[in-house]
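In what follows, a single structure is set out as structure tokens and then discussed.
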Amino acid sequence: MDHREARALFLALADDELPAPKAQEVRTHLDGCEDCRQGWQRYASAVKRVQGVEREKAPPALASMVLRRVRRKRRFGLRGLHMAHMSHRLPVEILIPLLLAAAVAAFLVMAAP
């Protein structure tokens, strides 16, 4: 097992989601690799700190507000698709030279023998 593969499995190892043979393989790599062991110790301590943070409860109206917005998006899905171009508009300063270049390229292709 190499360093990249071992580090990619840190999340699953911290959550105890790895099968026993794979977890043992990662732990064996950690025993023999100082860099990965230090990385695992930092990762595990960060996970412990996050798990120790007190959980906040979301306001009761939040779930209904999110569900209402999801339903509205589903209902007006085509309108949303139609309006998608509004957030991806190109400035005219870029669009005009692109159109001009396309026209010149088309002319050159048609004029070629």
Side-chain angles (χ1 to χ4, degrees):
M1 174 173 289
D2 64 354
H3 304 294
R4 190 174 42 151
E5 186 180 357
R7 290 177 185 208
L9 296 173
F10 280 1
L11 175 64
L13 184 63
D15 290 341
D16 294 326
E17 294 179 350
L18 285 179
K22 196 67 167 176
Q24 183 58 41
E25 187 179 345
V26 173
R27 292 192 188 284
T28 302
H29 177 80
L30 292 176
D31 289 340
C33 179
E34 182 63 30
D35 288 340
C36 290
R37 183 172 41 251
Q38 288 176 357
W40 168 248
Q41 289 169 349
R42 286 192 306 268
Y43 185 84
S45 70
V47 168
K48 273 189 178 178
R49 278 188 245 137
V50 169
Q51 288 173 342
V53 172
E54 185 178 328
R55 291 181 180 226
E56 293 290 326
K57 187 155 178 118
L62 180 64
S64 62
M65 184 174 69
V66 169
L67 288 174
R68 191 171 38 249
R69 285 187 182 179
V70 167
R71 286 188 198 111
R72 189 178 319 140
K73 285 276 189 194
R74 284 185 191 157
R75 197 173 333 142
F76 299 113
L78 291 178
R79 189 178 95 192
L81 183 63
H82 173 69
M83 301 297 280
H85 75 281
M86 297 299 284
S87 61
H88 302 290
R89 293 189 338 193
L90 288 174
V92 175
E93 295 85 14
I94 294 174
L95 191 58
I96 290 175
L98 288 175
L99 290 174
L100 198 57
V104 169
F107 174 75
L108 292 174
V109 168
M110 286 185 203

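Keep in mind the model is a prediction, meaning the values are calculated, not measured. All residue numbers in this chain count up from 1 along the given sequence.
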Set of side chain to side chain donor-acceptor pair (under 3.5 Å) partners for E25, sequence neighbours left out: none
Could you pull out all residues at least two apart from Q24 that satisfy side chain to side chain donor-acceptor pair (under 3.5 Å)? T28
With a cutoff of under 4.5 Å between side-chain heavy atoms, which Ile, Leu, Val, Met, Phe, Trp and Tyr residues group with V26? M1, L9, F10, L11, L13, L18, L30, W40, Y43, V47
On a heavy-atom basis, the closest approach of A6 and H29 is CB-CD2, 3.5 Å
For M110, does the CE atom sit with more than 12 other heavy atoms under 6.0 Å from it, leaving out its own atoms? no
Begin from the C-alpha positions of R49 and S45 and carry the test side-chain hydrogen bond (donor to acceptor under 3.5 Å, both in side chains) through to its verdict. CA-CA 6 Å; R49 278 188 245 137; S45 70; 3.2 Å; yes
Distance col, row R37:CZ vs E34:CD, nearest 0.5 angstrom, shows 4.0 Å
Would you compute the distance between atom CD of Q41 and atom SG of C36 and round it to the nearest 0.5 angstrom? 11.5 Å
